[in-house]
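We count ligands from 1, going down the list as the structure has it; atoms in each ligand are counted the same way. No hydrogens, no waters, no symmetry mates; every other heavy atom, side chains included, goes into these values. Nothing here was measured: the structure is a model prediction, and the numbers come from that model.
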Amino acid sequence: MLVMMKAHATREQIDAVCDKIASLGLHAHPIPGETRTAIGVTGNQGPVKAELFESLPGVGECVPVSKPYKLVGREAKPETTVIDLGDGVRIGGDELAVIAGPCAVESPEQARAVAAAVSASGARLFRGGAYKPRTSPYSFQGLAVDGLRILAAIRAEYGLKIVTEAIDVESVDLVEEYGDVIQVGARNMQNFSLLKRVGRSSRPVLLKRGNAATLEELLMAAEYILAEGNYRVILCERGIRTFADHTRNTLDLSVVPAVQQLSHLPIIVDPSHGTGRRDKVIPLSRAAVAAGADGLIVEVHNNPEEALSDGNQSVHPHEFEQLMRELRQIAPVLGRSLP
Ligand code: PEP
Ligand code: MN
């Protein structure tokens, strides 16, 4: 259930409703909107009695939630969530968020070369895995904390915000210490203990769609994070597995407007994992922005032929520059801008 406060409800009235919810052994999630605050009620097994709240000062109405996800749905918050990372970097606002960088951090030299290039092209967020979920146990697994230290140095030198993956509950402590956004990868989309742990983090979470997950499963995974109190979640389409074999995955761009209809959370697109092929990254990036995505996460490598992971889908710095040039022309058609 959602307790919809009146437009001019005071802080004290909102707190009083939250206290009432807590006194029933339930959890209160105040979600401020543009015109009014909605308070999500979770933790109930059966229906919650609306009469318990309707007479409290400042309460407008109580509305049952029709969807299984209570907090990520647009019913809870009609306007799209904008995630503010500080220094003017936002995800979900008018400006497209472009996250660029290598699949994995390999060395200080490699990370710096890519960071210099992508920041010169206008990216404001840097990606790079220090912990890599690899299909083979014999593949490069990432530099772990040494990689995180390299990422922190990149932030200090280039002012880029750092997006990096936590592959398990154990790695979250360090990822939240060194990174700005915690990535939860496709393979972990339904790792519920990891979702609960990042739900208790103060860092925003980039949640990638599992490669066989439905839209509802993606939204329910996000709900795990919000239910723990972290409302700063960015969804990411990164391709799903189909019978098509001309690309590594099938990039499901139709999920972008579908998410936007159902959820207030921002959604970005990963054309790199979505296609697995360097020559497909630019066309699918254009299409993602045209479909209304709030941003992109793109793998860029200074020497993709020698990359320790995902070289085939990593674009060269000059291709990334071209992509940004093209996006600057496409973005205004959608009422968007690019730095
Ligand atoms: C990645 O971003 O490098 C990655 C492993 O992505 P995904 O979880 O989408 O496969
Ligand atoms: Mn990768």
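- Other residues, nucleotides and ligands contribute over 12 non-hydrogen atoms within 6.0 Å of the CZ atom of Arg286.
- When hydrogens are left out, the protein atom nearest atom 6 (O) of ligand 1 is Lys208 NZ, 2.9 Å; that is the closest non-hydrogen contact.
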Trace of the salt bridge (Lys or Arg N to Asp or Glu O under 4.0 Å) decision for Glu299 with Arg127: CA-CA 8 Å; Glu299 288 185 339; Arg127 64 148 293 147; 3.4 Å; yes

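- If you check the side chains of His301 and Glu306, you find no donor sitting under 3.5 Å from an acceptor.
- Within ligand 1, the atoms closer than 4.0 Å to a non-hydrogen atom of Glu299 are 3 (O), numbered from 1 in the order shown.
- Residue Ala186 holds the heavy atom nearest to atom 8 (O) of ligand 1 of all those in Pro133, Ala186, Ser272, Ser309.
- When each atom of ligand 1 is checked for a heavy atom of Gly185 under 4.0 Å away, the hits are 8 (O).
- Open room surrounds CZ on Arg241; 12 or fewer heavy atoms of other groups in view lie less than 6.0 Å from it.
- Here the side chains of His29 and Leu226 are not in contact, with every heavy-atom distance at 4.5 Å or above.
- When SG of Cys103 and NE2 of His273 are joined through the Mn ion (ligand 2), the resulting angle is 170° to the nearest 10°.
- Protein heavy atom at the shortest distance from atom 4 (C) of ligand 1 is His273 NE2, 3.4 Å.
- In terms of polar-atom proximity, Glu165 is not counted as a contact of ligand 1, lacking any N or O under 3.5 Å from an N or O of the ligand.
- Considering only heavy atoms from C-beta on, Ser309 stays 4.5 Å or farther from Ser139 through its side chain.
- Going from atom CD1 of Ile182 over to atom CG of Asn230 covers 7.5 Å, rounded to the nearest 0.5 Å.
- Note that OG1 of Thr37 and CZ of Arg11 are 7.5 Å apart. Values are rounded to the nearest 0.5 Å.
- Per residue Asp310, closest N, O or S atom to the Mn ion (ligand 2): atom name OD2.
- Polar contact with ligand 1: absent for Asp270 (N/O pair, distance under 3.5 Å).
- Which parts of ligand 1 touch Cys103 is read off a 4.0 Å heavy-atom cut-off, strictly below it: atoms 3 (O).
- Considering backbone and side-chain atoms together, Arg238 places an N or O closer than 3.5 Å to an N or O of ligand 1.
- Judged by the shortest distance from any of its heavy atoms, Arg209 lies outside the 4.0 Å radius around the atoms of ligand 1.
- The shortest heavy-atom distance from Gly129 to ligand 1 is not under 4.0 Å.
- Atom OE2 is the N/O/S atom of Glu299 found closest to the Mn ion (ligand 2).
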side-chain hydrogen bond (donor to acceptor under 3.5 Å, both in side chains) assessment of Ser272 paired with Gln313: CA-CA 5 Å; Ser272 308; Gln313 65 193 36; 5.4 Å; no

